[in-house]
Colleague: 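Sending over a structure as structure tokens; questions will come in a sec.
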Amino acid sequence: MKHITCIDDLRALHKRRVPKAFFDYCDRGSYAEETLRANREDMQAIKFRQRILVDVSKRDTSTTILGEPSTMPLILAPVGLLGMQHGDGEIHACRAAQAAGIPFTQSTMSICSIEDIAASVEKPFWFQLYVMKDRGFIKDLIQRAIAAKCSALVLTVDLQVIGQRHADIKNGMTVPPEWSLSKLLDFASKPAWVSGVLQGKRRTFGNIAGHVKNTEDLNRLAEWTASQFDTSLNWKDVEWVRSIWPGKLVIKGILDVEDAEEAAKTGAQALVVSNHGGRQLDGAPSSIEVLPEIADAVGDKMEIMFDGGIRSGQDVMRALALGAKSCMIGRAYAYGLGAGGQAGVAKAIDIIQKELLTTMGLCGVNRIDEIDDHVIAV
């Protein structure tokens, strides 16, 4: 990690070390990937005001997230299949986040189970929930998160219908992998990855294994999972989740002011402005484009979190300036995980924090709560 200087370096290393199907699962978007590109292009179009001769000797990235102290306004977002980027990937990512003093969010579609992570880390973590057709299973899953002392539930609401990701289809991206000669050769060329995954606790969806009959049939398990995303999901289901979950609730996947206003009525403590990383509705606006109007509409009623295109501390600064209180990163730390396990995730977090500190200094800012749209060049 000595010569890694930015998230793009971690991405390049990730691409070399992890089989193509799993790298592309992390890296690519849906359909023509217009929204995936817009997340980055619109972010980079935002310019800062450089300020000089301001005392910035006491810069500090610390803040609070959902009322809890955090060393910086950053959260590791839920990312599915982390255990296929690196053996026991969810555990390693959670440990890196907790060592850095920031929250980690486990995905419903993780490889390690809730219990696997809870037994392997010292502090509470967040759990992300998809509401599936099998409400009995979802109720049980929420109760497992409660038993594991998860400190927040992140309800993802933008996956009722799954956007097609062309790369996954072309790669035969399944869990377990769909085998072919080219895939076998790809795996054989990455022995460290193979060894790490084989030594991991699991190689299928840990939160679902045991619920479906005949879970030793991994194809059956994958088919059940694909059939469970619920197109009837609506705001009443948020109320149902709220009736079971006693803790802090975050609604993730808001991209429209009207939806944000509905989210504010649910009693949730926060929402995440997100287009699922450009992996769902292609042609939707970038997250950063809609952030200001959503923050203006409901920022006084609930915490505004941001997700979509964060690759640097400069990007965190941009999102905070336009109304976010904290930011989620997904691909940025997944690249680090694929590149170097826990050390790679720690490197990604460290890179972003140092870039944020530098950007604050060059914009004449000492504290996170000083960051607003005045740091943006008009």
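If you read the sequence from its start, that first residue is 1, and numbering goes on from there. Since we're looking at a predicted model, the values are computed, not measured.
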Colleague: Do NZ/NE/NH1/NH2 and the carboxylate oxygens of E262 and K265 come within less than 4.0 Å?
Modeller: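 A salt bridge links E262 with K265.
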
Colleague: Please examine the side chains of W126 and L66, heavy atoms only from C-beta on, and report whether any two atoms are closer than 4.5 Å.
Modeller: yes

Colleague: Using modelled atom types only, decide if a donor and an acceptor are shared between the side chain of Q228 and the backbone of D134 within a distance under 3.5 Å.
Modeller: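 The answer is yes, because a donor-acceptor pair under 3.5 Å joins these two groups.
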
Colleague: Side chains of H211 and D140: is there a donor and an acceptor less than 3.5 Å apart?
Modeller: no

Colleague: Check whether T108 reaches the backbone of Y130 with its side chain - one donor and one acceptor, N or O, closer than 3.5 Å.
Modeller: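 Looks like yes, one N/O pair under 3.5 Å.
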
Colleague: Go through the steps to decide whether R318 and D315 satisfy the test salt bridge (Lys or Arg N to Asp or Glu O under 4.0 Å), and finish with yes or no.
Modeller: CA-CA 5 Å; R318 290 171 171 123; D315 293 338; 2.8 Å; yes

Colleague: To check you understand the geometry: which heavy-atom pair defines the closest contact between V79 and G330, and what is its length?
Modeller: CG2-CA, 3.8 Å

Colleague: So among I111, D116, I117, which one has a side-chain contact (heavy atoms from CB on, under 4.5 Å) with K201?
Modeller: D116

Colleague: Over 60° means perpendicular and under 30° means parallel, so tell me whether F22 and F187 are parallel, tilted or perpendicular.
Modeller: tilted

Colleague: So, R202 side chain and C112 main chain: donor-acceptor pair closer than 3.5 Å or not?
Modeller: no

Colleague: Are side-chain heavy atoms of M360 and V375 found at a separation under 4.5 Å?
Modeller: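 M360 does not reach V375 side chain to side chain.
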
Colleague: Using every non-hydrogen atom in the two residues, find where N171 and K183 come nearest and quote the distance to one decimal.
Modeller: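 Taking N171 first and K183 second, the nearest heavy atoms are O-NZ, 2.7 Å.
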
Colleague: Taking all heavy atoms of I310 and all of A319, pick out the closest pair and write down the distance.
Modeller: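 Residues I310 and A319, closest heavy atoms: CD1-CB, 4.5 Å.
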
Colleague: So, is the end of the R279 side chain (NZ or CZ) under 6.0 Å from the ring centre of Y25 and within 45° of the ring's axis?
Modeller: yes

Colleague: Please answer: with hydrophobic residues joined when any side-chain heavy atoms are less than 4.5 Å apart, are L74 and L271 in the same cluster?
Modeller: yes

Colleague: Between OG of S274 and CZ of F306, what distance do you get to the nearest 0.5 Å?
Modeller: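 Going from OG on S274 over to CZ on F306, the span is 8.5 Å.
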
Colleague: Looking at Q98 and K123, would you say the former's side chain and the latter's main chain have a donor-acceptor pair under 3.5 Å?
Modeller: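 Judged by distance alone, yes, a pair lies under 3.5 Å.
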
Colleague: Would you name the heavy atoms of R59 and L357 that are closest together and state the gap between them?
Modeller: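 Of all heavy-atom pairs spanning R59 and L357, the closest is NH1-O, 2.8 Å.
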
Colleague: Between R331 and G277 (side chain of the first, backbone of the second, donor and acceptor by atom type, cut-off under 3.5 Å), is there such a pair?
Modeller: yes

Colleague: Does any donor atom in the side chain of S287 or D307 lie under 3.5 Å from an acceptor atom in the other side chain?
Modeller: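 Side chains of S287 and D307: no pair found under 3.5 Å.
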
Colleague: Going by side chain to side chain donor-acceptor pair (under 3.5 Å), name the residues that satisfy it together with S62, two or more places apart in sequence or in a different chain.
Modeller: D60

Colleague: Going hydrophobic residue to hydrophobic residue with side-chain gaps under 4.5 angstrom, can you get from L281 over to I251?
Modeller: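 In one cluster with L281: I251, no.
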
Colleague: How far does CE of M72 sit from CD of Q353, to the nearest 0.5 angstrom?
Modeller: 5.0 Å

Colleague: Check for me, please, whether I371 and M328 land in the same ILVMFWY cluster - side-chain distances under 4.5 Å, paths through other members count.
Modeller: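 No, I371 does not connect to M328 through the hydrophobic network.
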
Colleague: To the nearest 0.5 Å, tell me how far S120 OG sits from E90 CD.
Modeller: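 Taking OG in S120 and CD in E90, the distance rounds to 11.0 Å.
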
Colleague: Under the 3.5 angstrom rule, does the side chain of R311 hit a backbone N or O of D8 as a donor-acceptor pair?
Modeller: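 Here the side-chain-to-backbone pair does not exist.
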
Colleague: Quick one, R242 and V238 - any side-chain contact, counting heavy atoms below 4.5 Å?
Modeller: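 R242 vs V238: side chains apart.
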
Colleague: Is there a side-chain contact between W240 and I138 in this structure, where contact means two heavy atoms from C-beta onward sitting under 4.5 Å apart?
Modeller: yes

Colleague: So how far is it from Y333 OH to I102 CD1, rounded to the nearest 0.5 Å?
Modeller: 9.5 Å

Colleague: Check whether more than 12 heavy atoms from other residues, nucleotides or ligands sit under 6.0 Å from atom CZ of R135, and answer yes or no.
Modeller: yes

Colleague: In plain terms, say whether D168 and R28 are close enough for a salt bridge, that is, a side-chain N and a carboxylate O under 4.0 Å apart.
Modeller: no

Colleague: For atom NE2 of H374, decide whether the heavy atoms of other residues, nucleotides or ligands shown that lie under 6.0 angstrom number more than 12.
Modeller: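 Open: at most 12 neighbouring heavy atoms sit under 6.0 Å from NE2 of H374.
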
Colleague: If you define the side chain from C-beta out and look only at heavy atoms, does anything of Q269 sit under 4.5 Å from L249?
Modeller: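 When only atoms from C-beta onward are counted, L249 and Q269 do touch, with a gap below 4.5 Å.
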
Colleague: Are the side chain of N207 and the backbone N or O of F205 linked by a donor-acceptor pair below 3.5 Å?
Modeller: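 No; judged by distance alone, with no hydrogens or angles, the pair does not exist.
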
Colleague: Go through the side-chain N and O atoms of D27 and Y335 and say whether any donor and acceptor fall under 3.5 Å apart.
Modeller: yes

Colleague: Between T359 and E355, do the side chains contain an N or O donor and an N or O acceptor separated by less than 3.5 Å?
Modeller: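 No, because no side-chain N or O of T359 sits under 3.5 Å from a partner of the opposite role on E355.
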
Colleague: Under 3.5 Å, is there a donor-acceptor pair linking the side chains of T64 and K325?
Modeller: yes

Colleague: Please check if the side chain of R165 supplies one atom and the backbone of D24 the other of a donor-acceptor pair under 3.5 Å.
Modeller: no

Colleague: Does K190 have more than 12 heavy atoms from other residues, nucleotides or ligands lying within 6.0 Å of its NZ?
Modeller: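 Counting neighbours around NZ of K190, more than 12 heavy atoms of other residues, nucleotides or ligands fall under 6.0 Å, so yes.
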
Colleague: Just by modelled atom types, is the G283 backbone N or O under 3.5 Å from a matching donor or acceptor in the T35 side chain?
Modeller: yes

Colleague: Looking only at heavy atoms, what is the nearest atom pair of A264 and K301, with distance?
Modeller: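 Heavy atoms of A264 and K301 come nearest at CB-CD, 4.1 Å.
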
Colleague: Quick check against the 3.5 Å criterion: does R17 have a side-chain atom that pairs as donor or acceptor with the backbone of W193?
Modeller: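 Not confirmed, R17 side chain does not pair with W193 backbone.
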
Colleague: Starting at CG of L129, measure out to CG of L141 and round the result to the nearest 0.5 Å.
Modeller: 6.0 Å

Colleague: For a quick test of reading the model, state the closest non-hydrogen atom pair linking N275 to P285 and the distance between them.
Modeller: ND2-O, 3.1 Å

Colleague: Determine, stepwise, if the pair V345 / I349 fulfils side chain to side chain contact (heavy atoms under 4.5 Å, CB included).
Modeller: CA-CA 6 Å; V345 177; I349 296 168; 4.1 Å; yes

Colleague: For E41, which residues count as a side chain to side chain contact (heavy atoms under 4.5 Å, CB included) partner, sequence neighbours excluded?
Modeller: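 Applying side chain to side chain contact (heavy atoms under 4.5 Å, CB included) to E41 gives R37.
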
Colleague: Can you check whether K248 reaches E68 side chain to side chain, under 4.5 Å on heavy atoms?
Modeller: yes

Colleague: As an exercise, state the distance from CG of L356 to CE of M317, rounded to the nearest 0.5 Å.
Modeller: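 It is 7.0 Å, given to the nearest 0.5 Å.
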
Colleague: Start with the C-alpha distance between K20 and S182, add both sets of side-chain angles, then the distance that settles side chain to side chain contact (heavy atoms under 4.5 Å, CB included), and finish with yes or no.
Modeller: CA-CA 10 Å; K20 176 177 170 55; S182 62; over 6 Å; no

Colleague: Kindly indicate whether the side chain of R95, heavy atoms from C-beta on, has any atom under 4.5 Å from the side chain of F104.
Modeller: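 In short, these two side chains do not touch, never coming nearer than 4.5 Å.
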
Colleague: Hey, quick one: are V316 and L362 part of the same hydrophobic cluster, counting side-chain heavy atoms closer than 4.5 Å, chains of contacts allowed?
Modeller: no

Colleague: Establish whether I146 and I114 are linked, either directly or via other cluster members, by ILVMFWY side-chain heavy-atom contacts under 4.5 Å.
Modeller: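 Hydrophobic grouping puts I146 with I114.
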
Colleague: Verify whether one side chain among Q128 and T156 offers a donor that lies under 3.5 Å from an acceptor in the other.
Modeller: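 The answer is yes; a qualifying pair exists.
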
